[in-house]
There are 2 protein chains.
Amino acid sequence: MINTVKISKVLGDPIRYKILLMIVNHAEQGVAGYSNPAGGICNCQLMDTFDMIQSRVSYHMKELVEADLVREVPEGKWKYYFPNTEVIKAYIRQLESDFKL
Amino acid sequence: MINTVKISKVLGDPIRYKILLMIVNHAEQGVAGYSNPAGGICNCQLMDTFDMIQSRVSYHMKELVEADLVREVPEGKWKYYFPNTEVIKAYIRQLESDFKL
DNA sequence: TGCTAACATCAAATATTTTTGATATTATAA
DNA sequence: TTATAATATCAAAAATATTTGATGTTAGCA
């Protein structure tokens, strides 16, 4: 089952929110300058885009993955990230149900 | 405009999430042992229910009010809290839009 | 094999959030 | 007006989260 409070907390960090937005958008349309398999985002792109050092990216991606908002796909030396649409949907549905909307 | 990250952060605390749930449920059906005007929840009920000291309740209610998730209605010496349904809805809609759902 | 690039992990430093107890404020009632 | 009850605020302590730099691991390539 999804952990609504934990997901909220993970989304409650501006960097993680932006990263998830980027992952979601990229999964649709790709990002200029990178050509990733099946629309995934890799750590290097996140380092570039948000000007973060590697261990910081790693920390935030771990949070997103542990909250199950993002799926991680290893491909050789790289890890690609994809939105976990089902969990994001389930989170929204849970909010609607909890708050009677 | 709503601040999606801030709302997420406020919901990302288990106590605040439970408090908001209680406020939402109470606004519908009332809570046994208390008869509040128009289904509002007061601080004293939150202290009782969650076994929290007064300043702690006050702190968390301030967070909820500042995130605009809850409206505060003073009535004499008391403050009653009501869910801000429009903002909760707007938050959910924003998530749907941001994450393409 | 040895080298390098990508990513993970760790411990320490820093920053932020939460909790608490004390005190202040405000409204009402005696 | 004085006393009291409800809530707010404050500063210090405690807890938690984030950032950083160093080091570890792993996969692929020369």
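So you know, we letter chains A, B, ... as the sequences are listed, proteins then strands, and number each from 1.
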For this session: Send over the distance from A:Ile41 CD1 to C:dC7 P, rounded to a whole Å.
Result: 12 Å
Problem set entry | Nucleotide C:dT19, atom C1' - distance to CZ of B:Phe50 in whole Å | 17 Å
Exercise. Is there side-chain contact between B:Val5 and A:Asp13, with at least one heavy-atom pair below 4.5 Å?
Worked result: no
Seminar exercise, completed: In whole angstroms, the gap separating P of C:dG21 from CD1 of B:Ile53 amounts to 5 Å
Exercise. Hey, is B:Glu86 close enough to B:Lys89 for a salt bridge, meaning N to O under 4.0 Å?
Worked result: yes
Problem set entry | ILVMFWY network linking B:Ile2 to A:Leu20, side-chain heavy atoms under 4.5 angstrom | yes
Problem set entry | Comparing B:Asn43 and A:Arg56 on DNA chain D - which has the more 5′ nearest nucleotide | B:Asn43
Exercise. Would a 4.5 Å heavy-atom cut-off, applied to side chains only, mark A:Ile53 and A:Met47 as touching?
Worked result: no
Seminar exercise, completed: Against the side chain of A:Tyr81, the closest entry in C:dA8, D:dT7, C:dT19 is C:dA8
For this session: In whole angstrom, give the distance that lies between atom NZ of B:Lys79 and atom P of C:dT28.
Result: 12 Å
Seminar exercise, completed: Quick note, B:Ser55 side chain, CB onward, closest among C:dA22, D:dT7, D:dA5 is C:dA22
Exercise. When you match A:Ile15 and B:Trp78 each to their closest nucleotide on DNA chain D, which lands nearer the 5' end?
Worked result: B:Trp78
Exercise. In whole angstroms, how far is the P atom of D:dA8 from the CD atom of B:Glu66?
Worked result: 11 Å
Provide a list of protein-nucleic acid N or O atom pairs under 3.5 angstrom, restricted to nucleotides 14-17 of chain C.
from, atom 1, to, atom 2, distance (Å)
C:dT17, OP1, B:Lys9, NZ, 3.0

Problem set entry | Within one Ile-Leu-Val-Met-Phe-Trp-Tyr cluster: B:Leu95 and B:Leu101, side-chain cutoff 4.5 Å | yes
Exercise. Counting just side-chain N and O atoms, does A:Ser58 come under 4.0 Å of either OP1 or OP2 of C:dC7?
Worked result: no
Problem set entry | Among D:dT18, C:dA27, C:dA6, the nucleotide that comes nearest once only the side chain of A:Lys77 is considered | C:dA6
Problem set entry | Partner of B:Val70 under side-chain contact (heavy atoms from CB on, under 4.5 Å), chosen from B:Asn84, B:Ile41, B:Leu64 | B:Leu64
Problem set entry | B:His60, nearest nucleotide to its side chain (from C:dT18, C:dT19, C:dT9) | C:dT19
For this session: When you get a sec, tell me which of D:dT20, D:dT9, C:dC7 is the closest nucleotide to the side chain of B:Lys62?
Result: D:dT9
Exercise. In whole angstrom, what separates A:Met61's CE from C:dC7's C1'?
Worked result: 12 Å
For this session: Rounded to the nearest angstrom, tell me the gap between atom CE in A:Met52 and atom P in C:dA8.
Result: 13 Å
Problem set entry | Gap separating the OG1 atom of A:Thr4 from the OH atom of B:Tyr17, nearest 0.5 angstrom | 4.5 Å
Exercise. How close or far is atom P of D:dG24 from atom CD of A:Gln54, stated in whole angstroms?
Worked result: 15 Å
